[in-house]
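Beneath this line is the structure, given in structure tokens, with notes to follow.
Throughout, a chain's letter reflects where its sequence line sits, starting with A, and its residues are numbered from 1.
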There are 2 protein chains.
Amino acid sequence: MILKSQVEWALHCCAILAGLPKGRYLSTKALAEFHGVPKEYLSKALQSLSQAGLVHTTLGPSGGYRLARTPDELTFLDIVEAVEGKARTFVCNNIRANNPCRPQGYCESAPCAVARVMWEADEAWREKLRSVQLSDLIDTLAKEVPAELWKKSFEWVLERAG
Amino acid sequence: MILKSQVEWALHCCAILAGLPKGRYLSTKALAEFHGVPKEYLSKALQSLSQAGLVHTTLGPSGGYRLARTPDELTFLDIVEAVEGKARTFVCNNIRANNPCRPQGYCESAPCAVARVMWEADEAWREKLRSVQLSDLIDTLAKEVPAELWKKSFEWVLERAG
DNA sequence: GCAAATAGGGATATCGTTTATCCGTAATAG
DNA sequence: CTATTACGGATAAACGATATCCCTATTTGC
Ligand code: SF4
Ligand code: SF4
């Protein structure tokens with residue numbers, strides 16, 4: 001069980017978009033080139049962000065993406081769920097219904113204990129992701145990324161932002 | 001991203017094995033029939049439990065599986081990791097290495113902030129699973145499963161336990 | 001108005017994992 | 001000795017993730 005690589009891409013793209021000056025847009029082409037990933041496929045991830053309402057888009061030359069909210073209103077969970085979906089990672093196939101001892105027509109009132117524990121764990125995962133904002137990531141990166149590289153990357157992006 | 005159905009099977013099998021009298025064994029065949037899942041494939045899940053040291057096995061007629069520890073020494077995490085593996089669900093493809101602004105020969109000292117947050121969430125998921133013991137599950141099931149069905153299932157298992 | 005660039009979406013192909021089955025081997029109870 | 005079992009390897013089918021291609025509508029700059 002492994003998350004899509006698109007999740008990593010989407011998170012990185014949002015981090016870049018967070019540094020974009022108000023009103024500017026950055027294209028799929030630029031984002032793909034910056035991260036060294038296939039443009040067409042990255043496009044699908046960005047479309048997921050768009051459908052989830054996390055980013056705004058414009059068409060035409062100088063078009064592209066920008067964040068739809070401020071970085072402190074965007075959580076990791078927003079981004080992860082936009083790409084990976086909101087479905088729980090544990091699906092119950094209700095195998096208890098196959099118990100040969102079961103009376104005919106017996107009907108489960110509620111999801112069983114196994115499923116509930118697995119879903120609580122899933123929720124713990126989501127809760128952790130919900131607790132980290134995009135702005136937290138930016139703060140950390142600003143501290144950890146060497147100043148020189150940070151500045152050059154910023155300029156690289158600005159040159160291509162429409 | 002979805003967990004293998006084998007995870008559900010393994011959890012249910014362990015719950016059944018927990019009710020087995022000391023020294024008795026239950027075969028793959030019985031477990032597969034009880035849960036209504038393919039015997040050959042369930043066998044793979046049980047082998048995973050065996051390799052992880054969570055269950056003991058014996059060969060021959062009246063052979064099968066029993067728990068290697070008491071139910072309060074077995075956590076959900078033990079069982080889930082035996083089947084699903086211990087690998088983290090977020091893999092870092094190090095796409096920051098593709099940043100065109102990066103100086104030649106630049107070397108990352110540590111995993112980046114994105115990966116760390118995702119790994120913390122992964123750990124929160126595992127911590128939750130670690131906090132629930134198999135004995136907790138049995139307690140809950142004993143309360144929720146109708147007494148009649150519980151008793152009949154127990155007898156069904158005993159008839160087939162070697 | 002026109003040409004270039006863009007997001008969006010559908011169709012399709014490739015690849016790897018999950019799911020499932022089959023068979024041969026070694027061990028064990030009766 | 002026979003029947004039954006766990007175990008492991010080989011293999012196939014089904015499915016989802018990855019990746020590419022192409023067409024459309026829209027917008028910008030000229
Ligand atoms: S016991 Fe729970 S997880 Fe298992 S089949 Fe029933 S509802 Fe699903
Ligand atoms: S920023 Fe983090 S998650 Fe992204 S490629 Fe680098 S190490 Fe991996």
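For C/dA20, the OP1/OP2 oxygens have no side-chain nitrogen or oxygen of B/Gln6 closer than 4.0 Å. Contact annotation: B/Gln47 does not reach the phosphate of D/dA6 (side-chain N/O to OP1 or OP2, under 4.0 Å). Phosphate proximity of D/dC7 to B/Gln51: absent, as no side-chain N or O sits under 4.0 Å from OP1 or OP2. Between A/Ser43 and C/dG8 there is no side-chain polar atom (N or O) within less than 4.0 angstrom of OP1 or OP2.
A salt bridge links B/Arg116 with A/Glu144: the distance from a Lys NZ or Arg NE/NH1/NH2 to an Asp or Glu carboxylate oxygen falls below 4.0 Å.
A/Asn93 places its CG atom 14 Å from the C1' atom of D/dC15, with the value rounded to the nearest Å. Rounded to a whole Å, the CD atom of B/Glu40 is 16 Å from the P atom of D/dG9. Here the C1' atom of nucleotide D/dC22 and the NZ atom of A/Lys39 are 12 Å apart, to the nearest Å. Taking atom CG on A/Leu3 and atom P on D/dG16, their separation rounds to 17 Å, with Å as the unit. The interatomic distance linking B/Leu49 (CG) with D/dA6 (P) rounds to 13 Å, in whole Å. One interatomic measurement links the two molecules: CD1 of A/Ile2 to C1' of C/dT18, which rounds to 13 Å at whole-angstrom precision.
Residues meeting the side-chain hydrogen bond (donor to acceptor under 3.5 Å, both in side chains) test with B/Glu127, sequence neighbours left out: B/Arg130. Residues meeting the ring pair (Phe, Tyr, Trp, His ring centres under 6.0 Å) test with B/Phe154, sequence neighbours left out: none. For B/Lys151, the side chain to side chain contact (heavy atoms under 4.5 Å, CB included) partners are B/Glu155, not counting sequence neighbours.
Annotation: proximity of residues 56-63 of chain A to DNA chain D (heavy atom, distance under 4.0 Å) is found for A/Leu59, A/Gly60, A/Pro61, A/Ser62, numbered in ascending order. Contacts with DNA chain C (heavy atom under 4.0 Å) in residues 20-35 of chain B: none are found.
Counting any heavy atom pair closer than 4.0 Å across all strands shown, B/Gly64 reaches sugar-phosphate atoms only and no base atom.
Taking only side-chain atoms of B/Tyr41, from C-beta outward, the nucleotide of D/dG8, D/dT20, C/dA20 with the closest atom is C/dA20. Taking every side-chain heavy atom of B/Lys4 into account, C/dT18 is the closest of D/dG8, C/dT18, D/dC21.
Side-chain contact annotation: B/Ser5 with A/Asn93, donor-acceptor N/O pair under 3.5 Å absent.
Follow the hydrophobic side-chain contacts under 4.5 Å out from A/Met1 and you reach B/Leu11 in the same cluster. By the criterion of side-chain heavy atoms lying less than 4.5 angstrom apart, applied directly or through intervening Ile, Leu, Val, Met, Phe, Trp or Tyr residues, A/Leu74 is grouped together with A/Tyr65 in one hydrophobic cluster. Clustering ILVMFWY residues whenever any of their side-chain heavy atoms sit less than 4.5 angstrom apart, transitively, puts A/Leu49 in a cluster other than the one holding A/Leu59.
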With a 3.5 Å cut-off and sequence neighbours excluded, list the donor-acceptor pairs that the side chains of residues 50-58 of chain A form with protein atoms.
unit_1	atom_1	unit_2	atom_2	d
A/His56	ND1	A/Arg66	NH1	3.4
A/His56	ND1	A/Arg66	NH2	3.0

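Side-chain atoms of A/Lys44 come within donor-acceptor range of the base of C/dG10, with a qualifying N/O pair under 3.5 Å.
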